[in-house]
2 protein chains.
Amino acid sequence: MADKGKLSPEAIRERRAHEELNVFSRLPAVYAASRKQGQQFLQRGGGISIVEWRTLWDLCEAGPMTIRDLAAIQRADHSLLSRALPDMRDKGFVTMTRDEADKRQTVVEVTSKGRAAYEVAAPVMARRRAALRESMTEDEIRAFITLLTKLEDFLHTPADQLLERETHQ
Amino acid sequence: MADKGKLSPEAIRERRAHEELNVFSRLPAVYAASRKQGQQFLQRGGGISIVEWRTLWDLCEAGPMTIRDLAAIQRADHSLLSRALPDMRDKGFVTMTRDEADKRQTVVEVTSKGRAAYEVAAPVMARRRAALRESMTEDEIRAFITLLTKLEDFLHTPADQLLERETHQ
DNA sequence: AAAAATTATATGACTTGTCACGTATTATTT
DNA sequence: AAATAATACGTGACAAGTCATATAATTTTT
């Protein structure tokens with residue numbers, strides 16, 4: 001333990017090295033770096049936001065869908081889409097239509113303007129994915145996805161279940 | 001392409017499966033799940049926030065340090081710490097003292113109250129890390145960290161550099 | 001037919017991240 | 001000694017995530 005009131009560069013360096021190996025400590029920065037780089041790419045591909053990009057991509061690839069569908073594909077809370085879509089409609093990128101058969105649902109569809117915005121961003125973002133494949137092999141990416149899925153499953157385990165497990169051991 | 005205005009469950013399913021293999025698409029949800037689970041654990045370990053937990057852990061393990069030090073260990077922007085620390089001081093968890101030798105710097109130190117809060121949360125969070133090791137082997141975690149570091153390096157590459165590289169190919 | 005339960009979306013509020021900028025201080029250069 | 005550059009931190013503003021709640025609509029149960 002460092003002396004009271006005294007900085008210890010050695011202890012700080014050790015702490016840093018220790019946290020390098022802590023998955024939970026590493027995720028926030030990796031996610032933030034991904035977001036930042038994604039935003040940089042999109043700035044050069046029409047200036048749309050990451051949520052706008054994801055949504056236009058989903059709609060152009062898979063056709064009209066509900067807010068729930070978008071949330072499921074994007075693995076996000078529906079409120080994120082609920083909030084983003086009216087602005088996208090105001091920008092002329094999408095239409096939002098109440099489903100006649102089930103008035104609880106809103107069907108979101110891309111417009112020609114939205115498709116145009118997608119076409120500007122798509123090659124830039126494709127370049128990003130290609131660049132990742134130049135940096136990491138297909139096997140590495142596949143291994144990473146496998147481990148990421150395993151981690152995600154673990155992270156979806158409620159804290160109580162994990163804490164209770166120890167109690168019973 | 002789906003018929004205009006028509007939902008296509010098949011296309012949506014395919015889209016979902018496709019994005020399962022996209023690293024950039026997967027990260028936000030994994031990070032959000034990690035944060036959520038971390039908050040759940042902390043709720044059962046004294047009720048402190050994730051940033052508070054990280055900071056108390058850093059200070060208890062490595063002793064007093066500057067805001068820059070904390071930011072470096074946590075791989076976060078200094079403003080995140082700059083914002084969190086006054087509240088932690090107000091809660092009595094830390095002291096913030098201007099460095100006599102360099103008045104630009106603030107030295108942050110844990111108090112006995114902060115250490116007590118750390119002692120409540122620490123075993124709960126240790127349990128979380130142990131639970132991860134029950135879920136993933138040491139080799140898997142090590143492999144994941146290695147790939148995460150590789151990905152992080154890639155993500156720190158500016159977009160211009162990656163876009164320019166293609167231009168010159 | 002009516003009541004209860006479930007589902008879909010919108011919105012309030014919050015957390016956690018960042019970038020940009022300003023101020024104060026120290027270090028370096030002239 | 002003075003000017004310039006660099007560094008540390010505080011703050012404004014914003015993006016992207018979530019949880020909780022309310023309202024409306026549909027489905028299920030009684």
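Order of the sequence lines fixes the chain letters, A, B, ..., with proteins taken first and strands second; residue numbering starts at 1 for each chain.
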Rounded interatomic separation in angstrom, taking [atom1] from [X] and [atom2] from [N]:
X	N	atom1	atom2	result
B/Gln40	D/dT18	CD	C1'	12 Å
A/Gln37	C/dG17	CD	P	19 Å
B/Phe24	D/dA16	CZ	P	16 Å
A/Leu42	D/dA16	CG	P	9 Å
A/Asp87	D/dA15	CG	P	10 Å
B/Gln39	C/dT16	CD	C1'	9 Å
A/Asp99	C/dA10	CG	C1'	17 Å
A/Leu27	D/dG17	CG	C1'	14 Å

Heavy-atom pair of closest approach, residues [X] and [Y]:
X	Y	result
B/Thr106	B/Met96	CG2-CB, 3.8 Å
B/Ala71	B/Leu81	CA-CD2, 3.8 Å
B/Leu59	B/Pro64	CD2-CA, 4.4 Å

Examine [N]: is either OP1 or OP2 under 4.0 Å from a nitrogen or oxygen in the side chain of [X]? Give yes or no.
X	N	result
B/Arg35	C/dC14	no
A/Gln74	D/dA16	no
A/Tyr31	C/dT18	no
A/Lys36	C/dC19	yes

Check your understanding: With distance as the sole test, does B/Glu140 use its side chain to make a donor-acceptor pair with the main-chain N or O of B/Thr137 at under 3.5 Å?
Key ->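 Judged by distance alone, yes, a pair lies under 3.5 Å.
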Review point. Quick check: does any side chain N or O of B/Thr149 sit under 3.5 Å from a backbone N or O of B/Ile145, one acting as donor and the other as acceptor?
Key: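 Flag set: sc B/Thr149 to bb B/Ile145 pair under 3.5 Å.
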Practice item. Just grab all the side chain to side chain donor-acceptor pair (under 3.5 Å) pairs involving residues 68-78 of chain A, residues at least two apart or on different chains. Key: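 The answer is A/Arg54-A/Gln74, A/Thr55-A/Gln74, A/Asp58-A/Gln74, A/Thr66-A/Asp69, A/Arg75-A/Glu152, A/Arg75-B/Glu20, A/Asp77-A/Ser79.
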Review point. Can you list the residues that meet the side chain to side chain donor-acceptor pair (under 3.5 Å) rule with B/Arg104, with sequence neighbours excluded?
Key: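 Partners of B/Arg104 by the side chain to side chain donor-acceptor pair (under 3.5 Å) criterion, ordered by chain and then number, come out as B/Asp102.
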Check your understanding: 5'-most contact on DNA chain D: A/Glu100 or A/Ala76, nearest heavy atom basis?
Key ->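 Going by which nucleotide is closer to the 5' end, it is A/Ala76.
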Check your understanding: For every nucleotide of nucleotides 3-13 of chain D, 5' to 3': is a protein heavy atom under 4.0 Å from its base (B), only from its sugar-phosphate (S), or from neither (-)?
Key -> ---BBSBBBBB
